[in-house]
Amino acid sequence: MRIDKWLWAARFYRTRRKAKDAVVGGKVHVNGERTKAAREVQIGDELEISRGPEKEVVVIEQLSNHRGNGAAAQTLYTETKESIDRRLAAAADRRMARAGLATPKLKPSKSARRTLRELKQNPP
């Protein structure tokens with residue numbers, strides 16, 4: 001089975017075109033190697049999938065030509081323990097980085113925008 005079709009069926013990407021673009025763009029590695037979209041994958045292959053800042057490492061458990069619902073898609077693979085730990089740690093870091101941040105309820109006024117622009121251009 002083609003890797004782009006499997007990624008689509010496992011719901012990592014919304015369309016086969018996006019799955020193909022990700023593989024061609026080097027966002028998906030099979031067993032540690034960069035690959036092409038037409039590569040045949042087998043049960044037991046390890047995929048490293050980069051989406052944004054996150055990297056997931058999954059092992060293929062089943063092959064499917066059809067895109068099913070989310071529950072069916074999750075049976076096609078298992079994520080490695082290290083990948084889960086790394087993903088949860090990154091999420092915790094992002095939460096901590098935004099912990100003290102309070103987003104304003106209104107847009108800044110004209111004078112406040114000028115002050116902000118001045119601060120950004122001429123830091124103290």
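Everything quoted here is computed from the prediction, not taken from an experiment. Sequential numbering from 1 along the given sequence is applied to the chain's residues. Atom set for the values below is all heavy atoms of this structure, side chains included, hydrogens, waters and symmetry mates excluded.
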Review item, side-chain donor-acceptor pairs of residues 112-124, under 3.5 Å, at least two apart:
unit_1: R113; atom_1: NH1; unit_2: P108; atom_2: O; d: 2.9
unit_1: T115; atom_1: OG1; unit_2: S111; atom_2: O; d: 2.9

Handout entry: Connected via hydrophobic side-chain network under 4.5 Å: V57 and V23
Key = no
Practice task
If a pair satisfies ring-ring contact (aromatic ring centres under 6.0 Å, His included) and one of its residues is in residues 93-124, list it, with sequence neighbours excluded.
Solution key: none
Fill in the blank from the handout: side chain to side chain donor-acceptor pair (under 3.5 Å) pairs touching residues 18-28, sequence neighbours excluded, are R17-D21
Practice task
Scan for side chain to side chain donor-acceptor pair (under 3.5 Å) pairs involving residues 38-53, sequence neighbours excluded, and state none if there are none.
Solution key: N31-D45, R51-E56
Practice task
Under the side-chain contact (heavy atoms from CB on, under 4.5 Å) rule, collect the residues that match up with A73, sequence neighbours excluded.
Solution key: R11
Practice task
Using the ring-ring contact (aromatic ring centres under 6.0 Å, His included) rule, collect all pairs that involve residues 69-102, keeping only residues at least two apart or in two chains.
Solution key: F12-Y77
Exercise for the section: For K107, enumerate each residue passing the salt bridge (Lys or Arg N to Asp or Glu O under 4.0 Å) test, keeping only those at least two apart in sequence or located in another chain. Expected result: none
Practice task
For R98, enumerate each residue passing the side-chain contact (heavy atoms from CB on, under 4.5 Å) test, keeping only those at least two apart in sequence or located in another chain.
Solution key: L101, T103
Exercise for the section: Please test V58 against I49 for side-chain contact (heavy atoms from CB on, under 4.5 Å), starting from the C-alpha separation and ending with a verdict. Expected result: CA-CA 8 Å; V58 298; I49 304 164; 4.0 Å; yes
Exercise for the section: Scan V30, D4, V24 and name whichever one has a side-chain contact (heavy atoms from CB on, under 4.5 Å) with T35. Expected result: V30
Practice task
Report yes if the side chains of I3 and V28 come closer than 4.5 Å at any heavy-atom pair, otherwise no.
Solution key: yes
Could you pull out all donor-acceptor pairs under 3.5 Å where a side-chain atom in residues 62-69 meets a protein atom, sequence neighbours excluded?
unit_1: S64; atom_1: OG; unit_2: H66; atom_2: N; d: 3.2
unit_1: S64; atom_1: OG; unit_2: H66; atom_2: O; d: 2.9
unit_1: R67; atom_1: NH1; unit_2: W8; atom_2: O; d: 2.7
unit_1: R67; atom_1: NH1; unit_2: Y13; atom_2: O; d: 3.0
unit_1: N69; atom_1: OD1; unit_2: A71; atom_2: N; d: 3.4
unit_1: N69; atom_1: OD1; unit_2: A72; atom_2: N; d: 2.9

Exercise for the section: Check salt bridge (Lys or Arg N to Asp or Glu O under 4.0 Å) between E61 and all other residues, then give those that pass, not counting sequence neighbours. Expected result: none
Exercise for the section: For D93, check salt bridge (Lys or Arg N to Asp or Glu O under 4.0 Å) against everything at least two apart and list the hits. Expected result: none
Practice task
Would you mind listing every ring-ring contact (aromatic ring centres under 6.0 Å, His included) that reaches into residues 96-124, with sequence neighbours excluded?
Solution key: none
Handout entry: Side-chain heavy-atom pair L47, L7 within 4.5 angstrom cut-off
Key = yes
Practice task
Find out if a path of hydrophobic residues (ILVMFWY) with successive side-chain heavy-atom gaps under 4.5 Å connects V59 to I84.
Solution key: no
Handout entry: Candidates R87, R86, K55 - the one meeting salt bridge (charged side-chain N to carboxylate O under 4.0 Å, His left out) with E79
Key = R87
